[in-house]
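What you see below is based on every heavy atom in this structure, not just the backbone, and it leaves out hydrogens, waters and symmetry mates. Protein chains get the first letters and strands the later ones, always in sequence-line order, with residue 1 at the start of each. All values reported here derive from a predicted model rather than from experimental measurement.
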There are 2 protein chains.
Amino acid sequence: MKVLLIEDEQSVSSFIKKGLEEQGHLVTQAFDGTIGLKLASQEDFDVIILDVVIPGMNGIEVCDQLKNNLGVNTPILMLTALGTTDDIVTGLEIGADDYLTKPFKFKELLARLNALTRRTAIRNGDGKQILRVKDLVMNLDTKEVHRDNKEIRLTAREFKLLEYLLKNKNRVVSRTDILENVWEVDFDLGTNVIDVYMNYLRKKIEHGFSSKIIKTVIGMGYIIKD
Amino acid sequence: MKVLLIEDEQSVSSFIKKGLEEQGHLVTQAFDGTIGLKLASQEDFDVIILDVVIPGMNGIEVCDQLKNNLGVNTPILMLTALGTTDDIVTGLEIGADDYLTKPFKFKELLARLNALTRRTAIRNGDGKQILRVKDLVMNLDTKEVHRDNKEIRLTAREFKLLEYLLKNKNRVVSRTDILENVWEVDFDLGTNVIDVYMNYLRKKIEHGFSSKIIKTVIGMGYIIKD
DNA sequence: GTCTTCGATCAGTAAAACTTTCATGATTTG
DNA sequence: CAAATCATGAAAGTTTTACTGATCGAAGAC
């Protein structure tokens, strides 16, 4: 399970990290709000542990941004020394999925994390299907693609191609793979449709934006990396 | 929101019930575990508030039965005076979605309930027999459709088609999906009924009105978006 | 019982949108 | 630098969709 841990106190952060890694989870640490927010919106985590009192941007703001502006619906467990009812209510109202006050027992943190991800696992059965890379967001339900909050219109084939590349993020896919999975043909290499479509796709999702998304690996295929 | 409250202490139960009803929720009370379990498995609630220490069958057992045997995945908020870490861990491990210890502030209970149901509440429609999009209202009980307060008469097939589209609001549905769910055929007979019916539907619900409702997504299907 | 009406479906057409091919130029690799 | 590989523009080919008119059958009217 991929966990994003946004917590500035070194001792607490490494205590949690160590504990979670012992359970076989993958922990990414962020020590301030701004970086945490950036990471959370770029990478797909299974759950986010978010301290309220952190430098840069406080936890409430980070949570609000993620849940209410960026449309990220990774479950968030808020963590803090502020234990008053009002603090808890604010946190939960703004979109946090659970709230735990310090000091806490690691056991309880772990149990709450599991309850959280169990809940979302169920939800994902018919929930939103979203793929991301950098600032590009692909919604498999509405078939919409956005980059930097601008809408990008793709044709059915372009969409399928991008979807395939994203589902294989961080892996080089060969032309044969693409032909089989996007065009659904098992032979015929006497064509350059793929090249042409890569060109179409790049024009739409890269031209006018700061960074490249699709990388060519000469002699091997194409890849999309975070 | 429909809430099932399993709690034997009269005072606590009515305190919670009253508070929730003030918020416009519908509360069903159960005063022991056996009845609670029965109710939970028969009716569809949005959330269950479950005290651990109750007569008949304790809360842990009820939760275990529901989540692990009966396949009910209504979110459960556990409630109890037992506040040790181990109790909390047990509760969460067995399938509870949140855990609150007595005494608690009603505000916090409410916030936790909302956090818990935020997602499932959206997807369920809650037995509501009314579907809406923009100024169009579809009543599944009376089978009436109104737009801008004007009645629109749909035939059975048109109604079913619109109903399916609305139930999948904000998702692109393919012709295959439509054929399976509205016409109930699993194979693709080379027909254009769907196109024809879309045309009928659009004539009735869009002609003479200001905005379009049904959007075509070429090569993929149709979608209705808010 | 026959007629009428209405809904469901099919078939056909034109226009628009999309896909593929082909030809050519650019880039990378050994 | 030559061969292989990739990028790109434009034209040709194909599919998809919106819409119309015709047919068929069932339910109710007379």
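Between the side chain of B:Y222 and the base of D:dT17, no donor-acceptor pair of N or O atoms lies under 3.5 Å. Donor-acceptor pairing under 3.5 Å, judged by distance alone, is absent between the side chain of A:D195 and the base of C:dT21.
The separation between A:R153 atom CZ and C:dC18 atom C1' is 15 Å, rounded to whole Å. Rounded to a whole Å, the NZ atom of B:K215 is 13 Å from the P atom of C:dA17. Atom P of nucleotide D:dT8 and atom CG of A:L201 are separated by 12 Å, given to the nearest angstrom. Look at CE on A:M220: it is 18 Å from P on D:dA4, rounded to the nearest Å. At whole-Å resolution of the value, OH in B:Y197 and C1' in D:dT20 are 15 Å apart. Rounded to an integer number of Å, the gap from NZ of A:K160 to P of D:dT15 is 15 Å. Separating the CD1 atom of B:I194 from the C1' atom of C:dA8 is a distance of 14 Å, rounded to the nearest angstrom. Put simply, CZ on A:R202 is 16 Å from C1' on D:dG9, counting in whole angstrom units.
Regarding contacts with the backbone of D:dA18, a side-chain N or O of B:T216 is found under 4.0 angstrom from either OP1 or OP2. A sub-4.0 Å separation between OP1 or OP2 of C:dA17 and a side-chain N or O of A:R157 is absent. Contact check, B:T155 against C:dA8: a side-chain N or O comes under 4.0 Å of OP1 or OP2. The phosphate of D:dT8 has OP1 or OP2 within less than 4.0 Å of a side-chain N or O from A:N199. When the side-chain nitrogen and oxygen atoms of A:W183 are compared with OP1 and OP2 of C:dT20, one or more of them lie within a distance under 4.0 Å.
Side chains of A:D141 and B:N170: a donor-acceptor N/O pair is absent below 3.5 angstrom, by distance only. The closest side-chain donor-acceptor pair between A:N199 and A:R202, if any, does not fall under 3.5 angstrom. Judged by distance alone, the side chains of A:R175 and A:Y222 do bring a donor and an acceptor atom under 3.5 Å apart.
With the nearest nucleotide of DNA chain C identified for both B:E158 and A:E158, B:E158 has the one nearer the 5' end. Projected onto DNA chain D by closest heavy-atom contact, B:K203 and B:G219 fall at different nucleotides, the more 5' of which corresponds to B:G219. Two residues, A:Y200 and A:V217, neighbour DNA chain D, and the one matched to the more 5' nucleotide by heavy-atom proximity is A:V217. Of the two residues contacting DNA chain C, namely A:N192 and A:L154, the nearest-nucleotide position lying further toward the 5' end is that of A:L154.
Comparing C:dT19, D:dA18, C:dA11 by their closest approach to the side chain of A:A156 singles out C:dT19. With D:dG21, C:dA23, D:dT17 as the choices, the nucleotide that has an atom nearest any side-chain atom of B:R175 turns out to be D:dT17.
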Might you list the N or O atoms of the protein lying below 3.5 Å from N or O atoms in nucleotides 24-30 of chain C, with each pair's distance?
none

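If you run side-chain contact (heavy atoms from CB on, under 4.5 Å) between B:D97 and each of B:K67, B:M78, B:R112, only B:K67 comes through.
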Output side-chain donor-acceptor pairs under 3.5 Å for residues 206-213 of chain A, partner residues at least two apart or in another chain, one line each.
unit_1 : atom_1 : unit_2 : atom_2 : d
A:E206 : OE2    : A:I213 : N      : 2.5
A:E206 : OE2    : A:I214 : N      : 2.8
A:S211 : OG     : A:R147 : NH2    : 2.8

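Remark: aromatic rings of B:Y197 and B:W183 are close, center separation under 6.0 Å.
Heavy-atom neighbours of A:K38 NZ from other residues, nucleotides or ligands within 6.0 Å: at or below the threshold of 12. Atom NZ of B:K107 has 12 or fewer heavy atoms from other residues, nucleotides or ligands within 6.0 Å.
Heavy atoms of A:F159 sit nowhere under 4.0 angstrom from any nucleic acid atom.
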